[in-house]
Amino acid sequence: MTIEISESLKREIGQHFVLGFPGLDVTPGIVSLIQEYYVGAIIIMKRNVQDVRQLRTLIAKLQSAAREAGHDAPLLIGIDQENGLVSAFSRDTPLGGTQFPGPMALAATDDPVLVEKVYAATASEMRLCGINWDYAPVCDINSEPKNPVIDPSKVSELAAAAAKGLTSQGIAPSPKHFPGHGDTHIDSHLGLPRIMKTIDELEHIELVPFKHLINNGVATVMTGHMALPLISGDDKPCSLSRVITHNLLREKLGYNGVVVTDCLEMDAIVKTYGTEDGAVEALKAGADIVMICHRFEKQIGAIKAVYSAFLSDGLSKEDLTASGKRIQYLKERYVGSWDDVIVPDIDIPAFEKQQYVNKSVQQEAYLRGVVVLQDTSHILPLPKAPGSIVLFTPIIETLNRAIDDPESAFRTPDGTLKNIAGPSYLLFAKAILEKSQTSSVQHVVYGPHDNPSFDLPATTTIIFATRQADQSSWQLKYLSSFLQTLHAKQPIIVLATLTPYEVLSPIAGMGAAYMCTFEYTAEALQSAASIIFGESSPHGVLPVKSAPKSSFLLQ
């Protein structure tokens, strides 16, 4: 069906979309979206980044397409750079963006000044590439009963520091996922979480960091795909709910900046309203910009659905104009001129100088983010040349779509998990070998169906890594069975490489040293190796409150 709509209205509507595309170069699809549908914002995904030279050229091409199409202002260029495991910009190459710790690892440093330095550092590199918008910091407060609670005031302090660091380098922050995604274990990539909280409960925990950032003038806020039926009166996702986006965020909290949705191709939207109708509902709810990251046909369909909604008076021209002014102000503040953005070649000496400065920030942040949870037997630090070492790391399996490669990358054609360690664990094994000054380091990659039958000498030191073992319980079952094969006082270090929640009470009494890195990046694991062998002292603090005694090791 052909929809007749004026070019001026097309230009106006296009500014209310942020869209993604595949590949390392511009595609006919993304050029069409910019030049025929006048889309005003682009999200750079991990799949679009090879190194900073390629990225700078790519962004210049996108901006050139916008100028050729007569856009009033350059494009907003956003990215999902939370740091840690969600780092679309970072690459382990000579001209790759520097890897920095993620939110929980930074919280473990308990240092807002360092957090600000980290986000200023990552922003300084992104800005050199032409990025002007970051979908960070994460403000979700974990209050799901299965997990310990993070202090709302601490989240507020650290999130504000992150936003300040981004802003200092000309990057617009976007705290997410309003009004708070922490009280659920359901991934909105896969389904719609329902959070049964009242507004009073929300105000005491989830809304605290958002209020703090709003009071400090944060440029944008991202809404999340969860339902709050006790507040909205229905199961409509918050990103599509006028009760949440307009009544709560705009009116009650007084927010007058730009509101952007999380990606409307997540199943929480696809399985309820659909991406196309979801775009209309989000704009009706009060969002300024809707995000659609992947499929060209969904992007076109959503834009045309918005056209239809305007022609049928389902969307207000008055609201669109007011929303457009907020977007215009955001661009004026963060984007710059055409001459600023159409720069096809990055200044390599400037980038390398910045990267050199940022390296010390990276190293400090990673070392200070490692936490020794317990060491009652005084196992740490290990002596140099401690004898034989056996390192256990879990077989790789997918966690969620925001972090991992596709599930198919970890499985054989018949569906069996591949016995692969993953590159960061291989580098961890290498670091253990180098720092231990011993020639006897055995690396065992264990899986859910393996039999832990070992006959290890009493002098062997065990380093046992887990990766989200609170959800992949087979890891703890393997560990429990393995412990039965050990000698009474054999030294063992248990390293949780994602969350402290995976170190559970069934193994609490064995006298092991317990550590947590909060992420399994190579940098985090290498920092853990430095602490294990006494090259650095542990300074990290657990950034969560107490846990139920029946469930968790730490009280």
Side-chain angles (χ1 to χ4, degrees), residues 81-87 90 98-112 114-115 117-119 122 136-142 144 146-151 154-155 157-159 161-162 181-182 185 361-375 380 393-394 396 399-400 402-404 422 424-425 427-428 431 463-472 475 493-504 513-532 536-545 547 552-554:
Q81 182 73 6
E82 299 171 13
N83 289 319
L85 295 173
V86 183
S87 295
S90 306
T98 303
Q99 176 72 53
F100 290 98
M104 190 170 278
L106 287 175
T109 70
D110 196 28
D111 187 347
L114 180 57
V115 171
K117 286 169 61 179
V118 164
Y119 278 89
T122 194
V138 176
C139 289
D140 299 324
I141 298 176
N142 183 15
E144 206 275 330
K146 295 180 181 179
N147 297 327
V149 179
I150 299 173
D151 182 1
K154 181 60 65 177
V155 174
E157 183 181 30
L158 298 177
H181 211 306
H185 61 277
V361 178
Q362 177 205 49
Q363 291 172 343
E364 179 186 5
Y366 268 113
L367 283 170
R368 291 179 57 188
V370 177
V371 175
V372 175
L373 303 169
Q374 177 177 293
D375 187 19
L380 297 172
T393 64
I396 296 298
L399 294 179
N400 68 52
I403 294 175
D404 289 313
S424 60
Y425 290 114
L427 288 171
F428 183 43
I463 302 174
F464 194 97
T466 62
R467 178 179 181 261
Q468 197 160 334
D470 52 327
Q471 295 187 28
S472 294
Q475 297 176 34
I493 299 165
V494 178
L495 178 65
T497 66
L498 191 56
T499 73
Y501 316 138
E502 54 195 282
V503 186
L504 306 179
Y514 295 89
M515 302 174 63
C516 185
T517 57
F518 304 98
E519 60 187 63
Y520 51 90
T521 56
E523 292 78 6
L525 296 177
Q526 287 168 336
S527 294
S530 294
I531 289 171
I532 287 171
S536 302
S537 299
H539 295 288
V541 295
L542 187 66
V544 293
K545 290 182 179 179
F552 296 93
L553 166 65
L554 296 169

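The residues of the chain are indexed from 1 along the displayed sequence. Everything quoted here is computed from the prediction, not taken from an experiment.
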Contacts of type salt bridge (charged side-chain N to carboxylate O under 4.0 Å, His left out), residue E157, not counting sequence neighbours: K154
Looking at residues at least two apart in the chain, or sitting in another chain, which of them share a side chain to side chain contact (heavy atoms under 4.5 Å, CB included) with A107? L158, P543
Would you give the length of the straight line joining atom OG of S530 to atom CD of Q363, rounded to the nearest 0.5 angstrom? 9.0 Å
S424: which residues meet the side chain to side chain contact (heavy atoms under 4.5 Å, CB included) condition with it, sequence neighbours left out? Y520, A522, L525
Which residues satisfy the side chain to side chain contact (heavy atoms under 4.5 Å, CB included) test with A161, sequence neighbours excluded? P112, V115, E116
Under 3.5 Å side-chain donor-acceptor pair for Q526 and E523: no
When you check the side-chain N and O atoms of T517 and Y366, is any donor under 3.5 Å from an acceptor? no
Contacts of type side-chain hydrogen bond (donor to acceptor under 3.5 Å, both in side chains), residue S527, not counting sequence neighbours: none
Modelled atom types, side-chain donor and acceptor of N83 and Q81, under 3.5 Å: yes
Out of curiosity, H539 NE2 to I531 CD1, how far, rounded to the nearest 0.5 Å? 8.0 Å
Value rounded to 0.5 Å, distance of CE in M104 from CD in E519: 11.5 Å
Residue list, ring-ring contact (aromatic ring centres under 6.0 Å, His included) with F518, at least two apart or on another chain: none
Of all residues at least two apart in sequence or in a different chain, which pass the side chain to side chain contact (heavy atoms under 4.5 Å, CB included) check with E82? D80, V86, V138, K176
Rounded distance (nearest 0.5 Å) linking atom CG of L380 with atom OH of Y514: 12.5 Å
Under the rule for side-chain hydrogen bond (donor to acceptor under 3.5 Å, both in side chains), what residues qualify as partners of S87, not counting sequence neighbours? Q99
Can you name the residues that form a side-chain hydrogen bond (donor to acceptor under 3.5 Å, both in side chains) with Q475, not counting sequence neighbours? none
Apply side-chain hydrogen bond (donor to acceptor under 3.5 Å, both in side chains) to Q362 and list each qualifying residue two or more places apart in sequence or on a separate chain. K359
